[in-house]
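Scope of the values below: all heavy atoms of this structure, side chains included, with no hydrogens, waters or symmetry mates. Chain A is the first sequence line, chain B the second, and so forth, proteins listed ahead of strands; every chain is numbered from 1.
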Amino acid sequence: MEPARAEYVPNPDASRDEMEAQQREIANVATFADAGCPAPAAVEIEEPLDLDQRRSLAGTGPIVAGVDQAFLDGVAVSAVVAIQGDSVVEVACGRTELSIPYIPGLLSFREGGPIIDALDSLTVDPDLLVFDGSGRIHYRQAGLATHLGVVYDRPAIGVAKNLLCGQPAESLAEPLPEGTRVPIYADESVTAEPGTILGYASQSRQFPNPERRHVNPIYVSPGHRVSAETAVSLVAAMGAGYKLPEPIRLADRAASDCKH
DNA sequence: GCGACAG
DNA sequence: ATCTTGTCGC
């Protein structure tokens, strides 16, 4: 697939000020409301899928693409796994030399290159992109999922394993029951009206007895063309019994496979 | 100055 | 993100 807005392709050689300025601009053109994204019921994944059992595209069901990265020395490997219904329909990889270090808040400038490299070789046309990292839960409301969602002008969701910024509506220190969703509000650290719901902490999975051993929530936020509420529901629909949604879980595996 | 900080 | 075996419990 090809970028729809080439002017927003992240440039790792830009100055920090330029990066931050571009992020504010991206947040302004991003849509944090449902606009052409699939319905959660249309992308349900009941059982864990197998990366090695691929099937060809069939019919007009929505295609969801999961994206994740792995690293070796100075190289970033990005993998995209495209899923339609209960089938993996395509797997693509991309790799790029790492040019800048990891800086919280500027992740898309470090990992955007390999991701675009991978998406460039994808032949199917995804209806939804799911990224490992934040979307609107970001200092300038322009995390990885928002940045790339805008670059491709495609519905996009960010799924993070840790909270970058924002204020949970309630404490997340104690284990939550499975299915719990806690709003993440904008606070002073975010360029949004205080009280804006940036995303949700979602307890996608929990053990029967959290006293002994518990699972942490995931942090789901809209990237582009999806609301915070629909984003959590979409991710929950693709859980297949795991903490992380199937597209991300498979992309994670594909990326480490791609390394070796 | 101090603390916080996706992957 | 990455370096890594066994081990405990629904």
Gap between atoms [atom1] and [atom2], on [X] and [N] respectively (whole Å):
X	N	atom1	atom2	result
A:Ile137	B:dC5	CD1	C1'	14 Å
A:His138	B:dA4	NE2	C1'	14 Å
A:Arg140	B:dC5	CZ	P	16 Å
A:Asp68	B:dA6	CG	P	15 Å
A:Leu144	B:dG7	CG	P	10 Å
A:His147	B:dG7	NE2	P	18 Å
A:Phe207	C:dC10	CZ	P	10 Å
A:Glu111	B:dA6	CD	P	12 Å

Practice task
Linking directly or through intermediates, with side-chain heavy atoms under 4.5 Å: list the remaining ILVMFWY members grouped with A:Leu106, chain and number order.
Solution key: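 A:Met19, A:Ile100, A:Ile103, A:Phe109, which link up through side-chain heavy atoms under 4.5 Å apart, make up the rest of the cluster.
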Problem - Connected via hydrophobic side-chain network under 4.5 Å: A:Leu234 and A:Tyr200 - result: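 Cluster IDs for A:Leu234 and A:Tyr200 match.
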Handout entry: Joint cluster assignment, A:Met1 & A:Leu128, ILVMFWY side-chain distance < 4.5 Å
Key =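 No, A:Met1 and A:Leu128 fall in different hydrophobic clusters.
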Problem - Face-to-face contact A:Tyr102 to C:dA1 six-ring, under 5.5 Å, under 30° - result: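 Stack criterion not met.
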Checking all strands, does [X] fall into the base, sugar-phosphate, or nothing category for heavy-atom contacts under 4.0 angstrom?
X	answer
A:Tyr139	base
A:Asn209	nothing
A:Gly158	nothing
A:Leu98	nothing

Handout entry: Flag, side chain of A:Gln203 to backbone of A:Val215, donor-acceptor distance under 3.5 Å
Key =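 Confirmed, A:Gln203 side chain pairs with A:Val215 backbone.
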Practice task
Indicate yes or no for a side-chain donor-acceptor contact from A:Glu178 to the backbone of A:Gln206 under 3.5 Å, with no hydrogens or angles considered.
Solution key: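 Here the side-chain-to-backbone pair exists.
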Between [X] and [N], is there a contact of a side-chain N or O with OP1 or OP2 at under 4.0 Å?
X	N	value
A:Asn162	B:dG7	yes
A:Lys161	B:dA6	no
A:Tyr219	B:dA6	no

Handout entry: Heavy-atom closest pair, residues A:Ala30 and A:Gly223
Key =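 Shortest heavy-atom separation between A:Ala30 and A:Gly223 comes out as CB-O, 4.3 Å.
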Exercise for the section: Treat primed atoms plus P, OP1 and OP2 as sugar-phosphate and everything else as base, then score nucleotides 2-7 of chain C 5' to 3': B for base contact with protein heavy atoms under 4.0 Å, S for sugar-phosphate contact only, - for none. Expected result: S-----
Problem - The single option from A:Gln23, A:Gln22, A:Arg16 passing side-chain hydrogen bond (donor to acceptor under 3.5 Å, both in side chains) against A:Glu20 - result: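 Of all the options given, the one that passes is A:Arg16.
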